[in-house]
Protein chains: 2
Amino acid sequence: MSAAAAAAPAVAVDVAVFTVRDGALHVLLVRLRRGALAGRWALPGGRVRADESLDEAAARELAEATGLRDVYLEQLYSFGSPHRDPYGRVVSVAYVALIAHGGRFAADEEGVTADGRYAGVAWRSVGALPPLAYDHDSVVATALARLRAKLSYTNLVYTLLPAAFTLSELQTMYEAVLGRALDRRNFRKKILGLGLLRPLHRVRRGRHRPAALYAFRHRRPMIVEIL
Amino acid sequence: MSAAAAAAPAVAVDVAVFTVRDGALHVLLVRLRRGALAGRWALPGGRVRADESLDEAAARELAEATGLRDVYLEQLYSFGSPHRDPYGRVVSVAYVALIAHGGRFAADEEGVTADGRYAGVAWRSVGALPPLAYDHDSVVATALARLRAKLSYTNLVYTLLPAAFTLSELQTMYEAVLGRALDRRNFRKKILGLGLLRPLHRVRRGRHRPAALYAFRHRRPMIVEIL
DNA sequence: CCAAAAGTGTTCGCATTACACCCATGC
DNA sequence: GCATGGGTGTAATGCGAACACTTTTGG
């Protein structure tokens, strides 16, 4: 259980969970409660157990930190610089997770998490992140690049949206992740032309003209040229 | 040194080295000489040492197996099913390497390698691979998908070509990797229009009309929409 | 003179872009 | 009635796809 700088590498997983909240892309951070880096912000993660796959470890770590289950998870990259973890030699397999905002975890939580490892959990806008522990700054940067690229040629936006949504909400997701504005007419033309959406023939009302609601025909990852 | 099925995972790297030979994409395979899988074909690879990064481990393993150095290497994916290695729990970080055919390693080598781990080294066409040890079939499949995708939006073909080459040779590389024929006129128009090549004002002679030679302006990875 | 590969332009259709006005509702 | 976001069409441009013949060399 003690530091082992020259020992064979241990294996961990770290998860960068993204969501779009108020039109801005956010990552889920945890505040470390123990060890040399106590008090620092980091991505949730931990050691891989002997009897679980990497994917299973990522899903477990995410569930332990947040209670979230059945989340879209995708392996990102493995980080293995010899000195990335002050505790000892740890190779970390990073994952990206995407969730729709508004279910559980709508708000930040200040208390100590159930497993006692974290002193708090918070969504932070990717435009204003604190310095992160380990090499998690690099992990987030790599995850962002992957996310931007992948949203352009897959239907993965569905992971960021509830079952019913308006075309404007869909457009907001793309704009938040890609970081640029899109023309509304061209966007609607393109998206509707792809046939990925099913009109629900219901509307969302607000203090303005009601907006038509849509759902995805298929809520599973597919390769589709979107933008 | 004994099997440790329930112990913490060990970390290894495996390298899928590709080249184009006679117009067909080939992978470099090694024949295992020791252990439960002796006699089987596999990708070169081995344990990550305590003081080296993952990239360094991949480069070292490749050099040990083949003598090749300064090769284009890129991390591919990490494979970590609990039972992928009969020896014990090993998480493998897979790499893709790309080299120009014709330097060293033009031909296969039958003898035992310098480090004694392999009973032979051979290029095999990806269209006709033997069943591989571990989960290396999946590794090769994943690597192929990555390679095909990445050649379309980067200038990485340069890794597969010598310093001087003809446009037909360049086209052959794309056709071998992508697995489909390309129109010669459109190909030349597109490639020359990108301005990535420098005409050498020399020709290659054969038993036919001489072909103009070109070189890449920059031999380093860049993002470029090629096809 | 024959085989083999190199070299060269044009046309067509489709997809992307740019762009401005009216509509329906809540307050 | 006014503020807020919803909804709609057209024209111009650029890009990729299809397509056939002539040229140069070696043998």
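Quick note on labels: first sequence line is chain A, next is B, and so on, each numbered from 1.
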Ignoring hydrogens, what is the shortest heavy-atom contact between [X] and [Y]? Give both atom names and the distance.
| X | Y | result |
| --- | --- | --- |
| Val157(A) | Met173(A) | CG1-CB, 3.7 Å |
| Leu170(B) | Phe187(B) | CG-CZ, 3.8 Å |
| Glu175(B) | Leu182(B) | OE2-N, 2.8 Å |

Please figure out whether Ala211(B) or Asn186(A) has its closest DNA chain C nucleotide nearer the 5' end.
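Nearer the 5' end of the strand: Ala211(B).
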So, do [X] and [Y] sit near enough that their side-chain heavy atoms are less than 4.5 Å apart?
| X | Y | value |
| --- | --- | --- |
| Leu160(B) | Tyr158(B) | no |
| Leu167(A) | Leu192(A) | yes |
| Leu54(B) | Ser78(A) | yes |

Using the closest heavy atom to pick a nucleotide of DNA chain D for each, name whichever of His208(A) or Asp183(A) lands nearer the 5' end.
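The residue mapped nearer the 5' terminus is His208(A).
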Which residue, Lys189(A) or Glu225(B), contacts DNA chain D at a nucleotide closer to its 5' end, judged by nearest heavy atom?
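The residue closer to the strand's 5' end, by nearest nucleotide, is Lys189(A).
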Please identify which of these residues, Val17(A), Val71(A), Leu147(A), Thr19(A), meets the side-chain contact (heavy atoms from CB on, under 4.5 Å) condition with Leu98(A).
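Passing option: Leu147(A).
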List the atom pairs, donor and acceptor, that lie under 3.5 Å between side-chain atoms in residues 195-212 of chain B and the rest of the protein, sequence neighbours left out.
unit_1	atom_1	unit_2	atom_2	d
Arg204(B)	NH1	Glu169(B)	OE1	2.9
Arg204(B)	NH1	Glu169(B)	OE2	2.2

Would you say the ring centers of Phe79(B) and Tyr134(B) fall short of 6.0 Å from each other?
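No, too far apart.
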For Lys150(A), check salt bridge (Lys or Arg N to Asp or Glu O under 4.0 Å) against everything at least two apart and list the hits.
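Scan of Lys150(A) (salt bridge (Lys or Arg N to Asp or Glu O under 4.0 Å), adjacent residues dropped) gives Glu74(A).
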Residues from residues 165-174 of chain A lying under 4.0 Å of DNA chain D - heavy atoms:
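Correct list: Ser168(A).
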Pick base, sugar-phosphate or nothing for Arg184(A), based on heavy-atom distances below 4.0 Å to the nucleic acid.
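Base contact.
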Just checking Arg188(A): base, sugar-phosphate only, or nothing, at a heavy-atom cut-off of under 4.0 Å?
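Arg188(A): base contact, heavy atoms under 4.0 Å.
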Under the side chain to side chain donor-acceptor pair (under 3.5 Å) rule, collect the residues that match up with Asp55(A), sequence neighbours excluded.
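Asp55(A): side chain to side chain donor-acceptor pair (under 3.5 Å) contacts with Tyr95(A).
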Under 4.0 Å from a heavy atom of chain A: give me the 5'-most and 3'-most nucleotides of DNA chain C that qualify.
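So the contact region on DNA chain C extends dT16(C) to dG26(C).
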Which is the 5'-most and which the 3'-most nucleotide of DNA chain D that has an atom under 4.0 Å from a heavy atom of chain B?
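Listing 5' to 3', DNA chain D meets chain B from dG16(D) to dG26(D).
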